[in-house]
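Heads up: the structure comes next, in structure tokens.
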Amino acid sequence: MSSEQSQSLSKTSFKFFGLGGSNEVGRSCHILQYKGKTVMLDAGIHPAHQGLASLPYYDEFDLSTVDVLLISHFHLDHAASLPYVMQRTKFRGRVFMTHPTKAIYRWLLSDFVKVTSIGSSRSLDKDENLYSDEDLAESFDRIETIDFHSTIDVNGIKFTAFHAGHVLGAAMFQVEIAGLKTLFTGDYSREIDRHLNSAEVPPSSSDILIVESTFGTATHEPRVSREKKLTQLIHSTVLRGGRVLLPLFALGRAQEIMLILDEFWSKHPEELGNGQVPIFYASNLARKCMSVFQTYVNMMNDDIRKKFRDSQSNPFIFKNISYLKNLEEFQDFGPSVMLASPGMLQNGISRDLLEKWCPDDKNLVLITGYSVEGTMAKYIMLDPDTIPSINNPEVNIPRRCQVEEISFAAHVDFRENLDFIEKIGAKNVILVHGESNPMGRLKSALLSNFSSLKGTEDEVHVFNPRNCVAVELEFSGIKVARAIGNIVDEVFGTLNQGKLGSINTSSDDAKREDLLDIKKENDEGTIVSGILVSDEKNFDLNLVSLSDLRDYHMDLSTTVLRERQTIHIGCKKELIYWHLCQMFGDMEVIIDDDEITGKIQESKAAHKTSTNVGELELKIMGDVKLNIIKNVATLEWSQGIMNDTVADSVMAILLSVDSAPVSVKMSSKSCNHDHHTNSEDDHAEHIHEPIGADHDDIWKIKQVARLCTEQFGDCFSYKLDEKDTTADIIGNITIGKTKASINLSQMKVAECDSNPLRGRIESILTIASDLIAPLC
Ligand SMILES: [Zn+2]
Ligand SMILES: [Zn+2]
């Protein structure tokens, strides 16, 4: 491929399709399509809905086409419809999540099945249960895990997990298909809290960023003042004899709030009546998951790791907090603090306590998580006079309790989000996980922030699509070809310093098994040539040298040309064998009827017996076969640089052996051979060429040069000045990149950068010295 061609880049389109979580918070599910690959991100439910209505719009997409499904974290709005997808749809792809997510997911969803089936017995048909415990168990075993910072390649879809800082195990995924990189943040936080590190910025750039927009353009109060507010509100409520209800999602933020409260209780025992004000956490699930939190302490921040190291105890087992299995265990006698799930007060323990406590104005309901539109948690923040009873929708319960919101939701605020978006530097930003209004405000704020780039190459495009409305982006097919094998050494040698990264090229049209000759000039002006091999399945583009092709692409069906040449020879095969031995040293003897080589082994002779007509068959340098029957020599070899050269040499010997003077010499020396053939005698004149010192020297040089020309053809050149015989005559051999020079006057190799070639030249010189020595 020429460098001009690489300027004309073809376009390919990337498609984003939101099945849920677009212009809403809840039922997150996004589809990415590029180059025939389909990736699904998250499979959540909508917390404000129940049964099938809580699902993403799965009917709007053919789930059987999904190759890979990545789950960002265990929260229900991201993971709770996974068993449904895996067990009750045509989905056949592979599913990945991090180890802690998988560990918690199982506990969480079996709890979810229980809670929803209780709900369904009241208000839904039994058939509307999304899935059963059995579905959960069956699908669980098929979920694969991915380590943070490791990359998995599924048929050309490469994805890497990074810490998202949202909850334990929460991951961002950078997905790469055919060189196009998309970063999906999932829910993420850039704040270092009490147990988690903040979200990471992946080291490599991304073309597309799919980012949450939960808080839109809102800005969080500093962490310290939020913590102070929280503890003060709780403190003043229990002092006036009130009860505090903290509705929380069982895992994640609950542990963070507990770390804050446990510390506060330990520091202020007197003010809290020395243990008279209990803190409860009514979550069997959270208790069960404590071991998971301990197991993955190494994935948390330095603070919590240090606590764990120093005390050698689980930092999530709290001194001042007791777990309640259920509300029957709870004796409600005086002021207390109760953490209970679910966080959005839709049902379960937190809802029961809300209905019990909300008529009393001494009590406090403190919302610390993000509340989804349409849920009780969102509704109660409007300070309604009454709330409907979950068990009896006819009954309205008066609400007099105080309701406050202090957000500890681990989502970025505007400032943090903008900073992160700028760091990622993607030219295409797709907003998800946000209600329409905050999302719309964030879009405007981002556009005005990047307005200076408008109309330039670096313009930032921001999208806030609705569910089931596709975003299509065009990308030029810039690809990166990886140089492998000999080419790397070659380029490193040329550049003399490790400057080779990858070579940008474009080959959208390159089909699998398509080989394109490429010559591409890089900035330094070094020409790299090789074969560009494109694998359409994995989108790997490799630049390999011809000789490496079969080593690196064994799956490639390489065409092997077998060549055969037959010539008539006029001399004895003993002579040919002798010449070949001079040239190639040891050869494998396959057939030797007349036992002229003295090398035929019984075992070989046994399985390859000839027609008994004095056949000789030799294997030369591995793969070149020479067969001689009577006066017909047949040469057979598989085409290739090495074999072609060897075959050429053998052919040269066959053609010249009966005319080479050395043959006469050899024959005359070998007195045990009493049968001289005519052909040898015919050419005896060669040894009687001009006499005289200078002439003799020139004659000798000419003979050596002739032998070299026979061997190397056009690759050999030399210049002979017959008038000036004082300087040494140098012959040069250039075969591809290999060079050698021979001092013809002194009959030695002057320079040679290849050992095999040096060996060959030396054996030619040995023959030559025999040839030019005076006859005995
Ligand atoms: Zn979340
Ligand atoms: Zn979420």
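Computed from heavy atoms alone, side chains included, the values below leave out hydrogens, waters and symmetry copies. The chain is numbered in sequence order, starting from 1. Remember, it's 1-based here, ligands and their atoms both numbered in the order they're listed.
- The pair D419-R415 does not count as a salt bridge, with every side-chain nitrogen at least 4.0 angstrom from each carboxylate oxygen.
- Nearest N/O/S atom of D77 with respect to the Zn ion (ligand 2) is recorded as OD2.
- When rounded to 10 degrees, the angle formed at the Zn ion (ligand 1) by NE2 (H166) and ND1 (H75) equals 90°.
- Salt-bridge formation is detected for the pair R305/D302: a Lys NZ or Arg NE/NH1/NH2 atom is positioned less than 4.0 Å from an Asp or Glu carboxylate oxygen.
- Not one N/O/S atom of H411, from backbone or side chain, sits under 2.8 Å from the Zn ion (ligand 1).
- Here the Zn ion (ligand 2) is the vertex; the OD2 atom in D187 and the NE2 atom in H78 give an angle of 80° (to 10°).
- Remark: R190 fails to qualify as a cation-pi partner of F420 under the 6.0 Å distance and 45° angle criteria applied to the six-membered ring.
- The pair R194-E263 meets the salt-bridge criterion, since a charged nitrogen lies less than 4.0 angstrom from a carboxylate oxygen.
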